[in-house]
Amino acid sequence: MNSDFKPPPKGLSILATVGGVVTGVVAIAGLQMVSNHLSKRATVVESSVPASVKASPESSDNAIALAKLDAQSVEIPGEPLTAAQIAATKTPYQDLRNCHKRRCGAAAPSGALNN
């Protein structure tokens, strides 16, 4: 630490503390207002849906038909891989998974890291 260090004036310290408290109070009040506004808006949206609408067998059949049509319309870009194109890869950490077996006297796999 530097020997000529001087703390900030007490007035600035008090001002910074008061500013922090005021900022926190304003932030909390603002978030409360937004929360109250959103909750009132959600109740208005919920109440605008008619209560007389009920699920019928016809509507569920339509939903199933639409879901099947939607599933058929999805296309994945690119070409699918064949089984010959898929190759198993061996990563270095796979040898470390059997590390406990080597300590128990089992033979270490070739290329394994020795501890």
Side-chain angles (χ1 to χ4, degrees):
M1 188 177 228
N2 203 354
S3 62
D4 60 345
F5 173 76
K6 294 179 184 173
K10 191 168 190 134
L12 287 179
S13 296
I14 292 172
L15 182 65
T17 302
V18 170
V21 170
V22 169
T23 301
V25 168
V26 169
I28 290 171
L31 290 173
Q32 280 291 105
M33 283 184 7
V34 169
S35 173
N36 289 338
H37 176 70
L38 290 176
S39 66
K40 287 179 185 175
R41 186 174 175 194
T43 57
V44 169
V45 170
E46 288 173 4
S47 63
S48 67
V49 176
S52 63
V53 175
K54 295 182 181 175
S56 66
E58 294 172 354
S59 65
S60 64
D61 290 340
N62 287 339
I64 292 171
L66 285 174
K68 286 180 181 178
L69 182 63
D70 187 39
Q72 291 172 353
S73 68
V74 175
E75 290 184 20
I76 300 175
E79 297 179 14
L81 294 174
T82 63
Q85 291 174 321
I86 300 173
T89 58
K90 189 168 187 175
T91 53
Y93 67 85
Q94 286 177 330
D95 288 335
L96 295 176
R97 289 185 195 162
N98 297 323
C99 189
H100 68 282
K101 291 181 183 176
R102 281 184 273 151
R103 290 191 185 114
C104 296
S110 62
L113 299 174
N114 292 327
N115 290 340

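In this structure, the separation between NZ on Lys40 and CG on Asn36 is 6.0 Å, given to the nearest 0.5 Å. To the nearest 0.5 Å, atoms OG1 (Thr23) and CD1 (Ile28) are separated by 11.0 Å. Between the CG atom in Leu38 and the CG atom in Leu31 there is a gap of 10.5 Å [rounded to 0.5 Å].
Placement of Met33 and Val25 in two distinct hydrophobic clusters is found when ILVMFWY residues are connected by side-chain heavy-atom separations under 4.5 Å, directly or transitively. Taking hydrophobic clusters as Ile, Leu, Val, Met, Phe, Trp and Tyr residues chained together by side-chain heavy-atom distances below 4.5 Å, Val26 shares a cluster with Val18.
Checked by atom type and distance alone, the side chain of Thr17 pairs as donor or acceptor with a backbone atom of Ser13 at under 3.5 Å.
The neighbour count for Glu79 CD, taken as heavy atoms of other residues, nucleotides or ligands under 6.0 Å away, does not exceed 12.
Under the 4.5 Å side-chain criterion, counting only non-hydrogen atoms from C-beta, Leu66 is not in contact with Asp70.
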